[in-house]
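For reference, the structure is listed below as structure tokens.
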Amino acid sequence: AKRGEDELLLRLVRRMAAADAADRSAPFEFFVLESILHTVASQLTVLTGECQSDAEAFSVGVHRFVSGMTVQRAWELRRRINEVTRQISGTVHALEQLQEDSTQ
């Protein structure tokens, strides 16, 4: 397995091990599915943040050396990354709401 896959699997195992009895009140299959979805969404949020930081550093650094068209493309990339981040945040929020609803 690659390093990223190992880290993702480790996050999943930790999440499942840290779950308390209330988290495990649903059938095991749903608990595992919820844990997987939450872990993947969390990992994607982290990776998107890293990409966003890199894109910001890139756009600031190259702004002095490139044409206006290239800078516009870099800012478009940043806008798209922000959009993906919002979508991931929405997914995480929806999963959290689902989890809260299922425990009530």
Side-chain angles (χ1 to χ4, degrees):
K2 296 179 182 174
R3 182 173 174 245
E5 295 166 351
D6 290 341
E7 289 176 12
L8 190 61
L9 183 58
L10 185 59
R11 284 179 184 234
L12 175 62
V13 170
R14 284 182 185 154
R15 178 169 181 75
M16 292 180 68
D20 59 21
D23 292 334
R24 295 178 187 239
S25 61
F28 179 75
E29 293 83 1
F30 291 129
F31 168 70
V32 171
L33 180 60
E34 180 183 21
S35 296
I36 290 170
L37 290 173
H38 217 307
T39 301
V40 168
S42 174
Q43 180 71 9
L44 290 174
T45 300
V46 168
L47 294 174
T48 301
E50 291 172 0
C51 289
Q52 185 174 1
S53 295
D54 291 346
E56 288 173 5
F58 170 79
S59 65
V60 169
V62 298
H63 182 68
R64 298 180 196 117
F65 303 106
V66 294
S67 71
M69 175 85 63
T70 304
V71 172
Q72 286 179 323
R73 288 179 185 164
W75 285 113
E76 176 64 20
L77 172 63
R78 180 176 183 222
R79 187 191 66 74
R80 290 189 350 238
I81 289 171
N82 286 336
E83 185 177 316
V84 170
T85 301
R86 282 192 299 276
Q87 290 173 354
I88 291 171
S89 295
T91 301
V92 169
H93 180 71
L95 289 171
E96 290 170 349
Q97 289 295 331
L98 181 63
Q99 182 180 13
E100 287 176 15
D101 291 346
S102 68
T103 59
Q104 294 178 0

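All heavy atoms count here, side chains included; hydrogens, waters and symmetry mates do not.
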Honestly curious: do Phe30 and Leu12 fall in one hydrophobic cluster under the side-chain, below-4.5 Å linking rule? no
Apart from Leu33 itself, its cluster of hydrophobic side chains linked below 4.5 Å comprises Leu37, Leu95
With sequence neighbours excluded, what pairs up with Asp54 under the side chain to side chain donor-acceptor pair (under 3.5 Å) test? none
Glu50 meets the side chain to side chain donor-acceptor pair (under 3.5 Å) criterion, sequence neighbours left out, with none
Any chain of hydrophobic side-chain contacts (each under 4.5 Å) joining Met16 to Ile36? yes
Other cluster members, Ile81 - Ile/Leu/Val/Met/Phe/Trp/Tyr, side-chain contacts below 4.5 Å: Leu77
Find out whether Ser42 and Val92 are in side-chain contact, i.e. whether some heavy atom of one side chain is under 4.5 Å from a heavy atom of the other. no
One should read off an interatomic distance between Glu96 CD and Glu34 CD, to the nearest 0.5 angstrom, of 10.0 Å
If you measure from CZ on Phe31 to CZ on Arg15, what distance do you get to the nearest 0.5 Å? 8.0 Å
Quick one: which residue pairs count as a side-chain hydrogen bond (donor to acceptor under 3.5 Å, both in side chains) with a foot in residues 85-94, not counting sequence neighbours? none
For Arg79, which residues count as a side chain to side chain donor-acceptor pair (under 3.5 Å) partner, sequence neighbours excluded? Glu76, Glu83
Will you find, in the side chains of Gln52 and Arg78, an N or O donor that is under 3.5 Å from an N or O acceptor? no
